[in-house]
Every structure is written in structure tokens, then in C-alpha cells.
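Scroll down for the structure; my scribbles are underneath it.
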Amino acid sequence: MTFRRKLIAAATLAAVAFTAPLVAQAQIILKAADVHPEGYPNVVAIQSLGKKLEAATNGKYKLTMFPGGVLGGEKEMIEQTQVGAINILRTSLGPLGPVVPDVNVFNMPFVFRSEAHMRAVIDGPIGQEILDKITASPAKMVALGWMDGGSRSLYTKKPVRTPADLKGQKVRMMGNPLFVDTMNAMGGNGIAMGYGEVFSALQTGVLDGAENNPPSMFTSNHYNAGAKYYSQTNHLIIPEIFVMSKVTWDKMTPEEHTLVKKFSREAQFEQRALWDKSVAEYSAKLKAAGVEFIPVDQKVFYDATASVRAKYGAPYADLIKRIEATK
Ligand code: GTR
């Protein structure tokens with residue numbers, strides 16, 4: 001080897017030694033889960049949080065997404081998150097109510113005047129208080145941020161315009177007694193069931209309808225199981241949430257906590273932008289597939305559900321006043 005070559009070889013070795021880590025660091029896989037499919041705004045926003053965390057920690061953490069409910073329904077996934085089998089979970093606040101009753105104030109029918117009102121509440125101090133209550137509760141989850149779930153309306157095989165039209169109709173609700181009470185008060189028969197079971201229950205006639213926002217109604221394919229009428233009740237405006245298992249959180253450093261919090265807040269707003277686009281897109285797709293959107297008098301359904309707000313809202317009278325006062 002010439003002197004020049006030797007010099008280059010030595011310099012290359014030195015460069016390699018300089019950049020290579022002294023001890024190979026084992027990568028930590030963060031299992032994230034969602035009932036929604038790949039490409040859904042909530043899934044995309046969590047994946048992007050994962051990518052940012054991976055980059056900021058030089059690959060110490062890598063997020064792997066389990067979409068489409070492959071790890072179970074939200075009730076089962078909440079349980080897996082509590083024990084650390086799932087590290088990051090995006091879920092509706094609905095099925096979290098039986099685990100952390102304080103969140104039920106956001107789960108009440110017509111507690112928010114509009115989606116804009118709901119956003120103002122979750123982005124502000126009340127939203128932070130509810131996140132903190134989840135984290136401080138014995139549920140073993142650290143609440144990271146909110147997501148948008150739009151407004152939930154009713155979809156059925158027969159057109160529904162009034163509570164009387166719901167008489168005798170079996171309507172799927174999320175697993176929380178509050179929602180079964182809500183549907184019963186709206187005039188139907190509420191049946192609690194996991195999201196993944198609704199399609200075949202509609203097909204076999206176990207259910208006459210369900211309720212959800214347009215992106216979920218479309219991606220779950222429920223409109224292809226006979227539910228062709230979408231009545232614009234907007235009875236539930238439930239924010240969604242993403243949490244980290246406390247088991248996982250407790251193993252992270254304070255610097256990593258700061259990163260997770262920062263990227264979570266960003267995920268909240270990234271999802272929102274994607275969400276607004278997806279509501280428009282999936283509403284159009286539902287209409288193109290022959291779903292009839294039926295305008296209804298929401299006031300009638302609001303009045304019909306007063307007993308539910310009275311029952312579940314009683315312990316939170318002050319908080320409800322603050323929600324109402326939020327502009
Ligand atoms: C969707 C929500 C999911 C899940 C589903 C359901 O709107 O995004 O988290 O709760 O509804 O009805 O089970």
C-alpha cells in the first residue's frame with residue numbers, strides 16, 4: 001500500500017469508528033393500535049408521531065401500527081394498554097367511560113353545541129384537565145392528546161326522522177351504559193356491541209342500525225350491510241383520545257417524555273386537518289354509493305335525551321357550566 005492509500009484507509013477507519021455507536025442500542029418497538037384501517041386520519045397522525053420520535057431518539061424507538069382492529073375491539077385494546085401489551089392506543093372516549101368515569105361528561109348526548117365548540121373545549125384548559133384526570137386515575141394510562149371524531153348520526157335500514165320512527169329498532173351503540181341509555185331515550189333499543197361485530201349483525205338482522213360519523217360509516221362498510229339511511233341527528237360529538245400505557249411511559253426518560261408530549265400535540269392538529277378533508281370525502285362517497293342523508297330536527301332528539309344529561313351530568317354540574325360558557 002502506498003503512503004497515500006494508507007492515509008486514506010486510516011482516515012476511513014477513524015471516520016467509521018467516530019460515527020459507529022460504541023454499544024449497539026437495542027431498538028424498542030412501540031406497538032400502536034387502532035380500530036381504523038391504514039390511511040385513516042387517526043392512524044396516519046399516530047404513525048407520524050412515531051416517525052418523529054424515531055428520528056428524535058436516533059432510532060431508539062420505532063412505532064409499529066396494528067390498524068383495523070387486529071388486536072381486538074376498543075374495550076379489549078384498553079385492557080391490553082393497561083397492562084403494557086399495547087404501548088400507544090387511539091380510542092374513542094366512549095369505551096373509556098366505564099374505566100375512567102370522569103370522561104363521561106364529554107360522552108353525553110348534545111353536551112357540545114357544535115364541533116367547533118367541542119374543539120374549543122378540548123384545545124383549552126378543560127381539555128387538559130380531562131387528560132390529566134385520565135393520567136391521574138388508576139387506569140394505568142397516560143393521556144397524550146385529543147383527536148377529532150366529528151359528529152355521530154344514526155344510520156338505519158328504514159328512514160328515521162323522529163324518535164317515533166325508532167320504535168322497536170335495535171341500534172348498535174359503543175360499550176358504555178350511557179350510550180344505551182341515550183339510544184333508548186331517543187326512541188330505539190340501544191345494544192352495546194364492539195365495532196368489529198356490527199357489519200355481520202346488520203347483515204343477519206341482529207341490528208337494524210348503528211350510529212357513527214361519515215368516515216367510519218364508509219370505511220366500516222356498514223352501508224353495504226343494509227344501512228342506507230343516514231339521519232342527521234348529530235347526537236354525539238365525542239372527541240377521541242390517544243394514550244400511552246403507563247408501563248411504557250415509566251420506562252422513558254424525562255427528555256423522552258418531553259418529546260412525546262410535543263409530538264402528541266402536533267399529532268392532535270395533524271389529525272384534525274386530515275379529518276376535515278376525510279369527512280367531506282367520505283360523505284361524498286356514501287352519497288355516491290346510494291346512502292340517503294336525511295335532515296332531521298335535532299331539537300326533538302336533544303329534548304328526548306334530557307334525562308341522560310340529568311343522570312350522567314349530575315356530578316359534573318360546575319364543569320358543564322364551564323363547557324357551556326366556552327366560546
Ligand atoms: C369511530 C371511532 C372509533 C370507534 C368507533 C365505534 O367513530 O373513531 O374509535 O369508537 O367509532 O363506533 O366503535
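First listed ligand is number 1; within each ligand, the first listed atom is number 1. Atoms considered below: every heavy atom in the structure, side chains included; atoms not considered: hydrogens, waters and symmetry mates.
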Proximal atoms of ligand 1 relative to [X] (non-hydrogen, under 4.0 Å):
| X | result |
| --- | --- |
| M174 | 6 (C), 10 (O), 12 (O), 13 (O) |
| N213 | 7 (O) |
| S216 | 1 (C), 7 (O) |
| H36 | 1 (C), 2 (C), 3 (C), 8 (O) |
| R152 | 1 (C), 6 (C), 7 (O), 11 (O), 12 (O) |

Less than 6.0 angstrom from the centroid, inside 45 degrees of the normal: does [X] satisfy that with respect to the ring of [Y]?
| X | Y | value |
| --- | --- | --- |
| K31 | F66 | yes |
| K157 | Y229 | no |
| R309 | Y302 | yes |

With a 4.0 Å heavy-atom cut-off (strictly under), which part of S92 contacts ligand 1: side chain, backbone, both or neither?
both
Taking non-hydrogen atoms only, is M217 closer than 4.0 angstrom to ligand 1 via side chain, backbone, both or neither?
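Neither; nothing of M217 gets under 4.0 Å from ligand 1.
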Can you tell if the side chain of I237 reaches within under 4.5 Å of the side chain of R152, non-hydrogen atoms only?
no
Does any part of the side chain of L207, heavy atoms only, come nearer than 4.5 Å to the side chain of V171, both counted from C-beta?
no
Quick check: are there more than 12 heavy atoms from other residues, nucleotides or ligands sitting under 6.0 Å from NZ of K60?
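It does: K60 NZ has more than 12 such atoms within range.
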Inspect the surroundings of NZ in K140 and state if more than 12 heavy atoms from other residues, nucleotides or ligands are less than 6.0 Å away.
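Check fails, neighbour count at 12 or below.
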Tell me, which protein residue and heavy-atom name are nearest [atom], and how many Å apart are they?
| atom | answer |
| --- | --- |
| atom 10 (O) of ligand 1 | E74 OE1, 2.8 Å |
| atom 2 (C) of ligand 1 | E240 OE2, 3.1 Å |
| atom 7 (O) of ligand 1 | N212 OD1, 2.6 Å |

Atom 13 (O) of ligand 1: of R172, M193, M147, M173, the nearest heavy atom sits on R172
SB check K158 D208 (cutoff 4.0 Å):
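No, K158 and D208 are not salt-bridged.
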Return a yes/no value for [X]: is any of its N or O atoms, backbone included, closer than 3.5 angstrom to an N or O of ligand 1?
| X | value |
| --- | --- |
| Y40 | no |
| Y195 | no |
| N42 | no |

Would you say the ring centers of F218 and Y223 fall short of 6.0 Å from each other?
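When the ring centroids of F218 and Y223 are compared, they turn out to be within the sub-6.0 Å range.
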Would you call the rings of Y155 and Y230 parallel, tilted or perpendicular, taking 30° and 60° as the class edges?
tilted
Quick one: does E211 get within less than 4.0 Å of ligand 1, heavy atoms only?
no
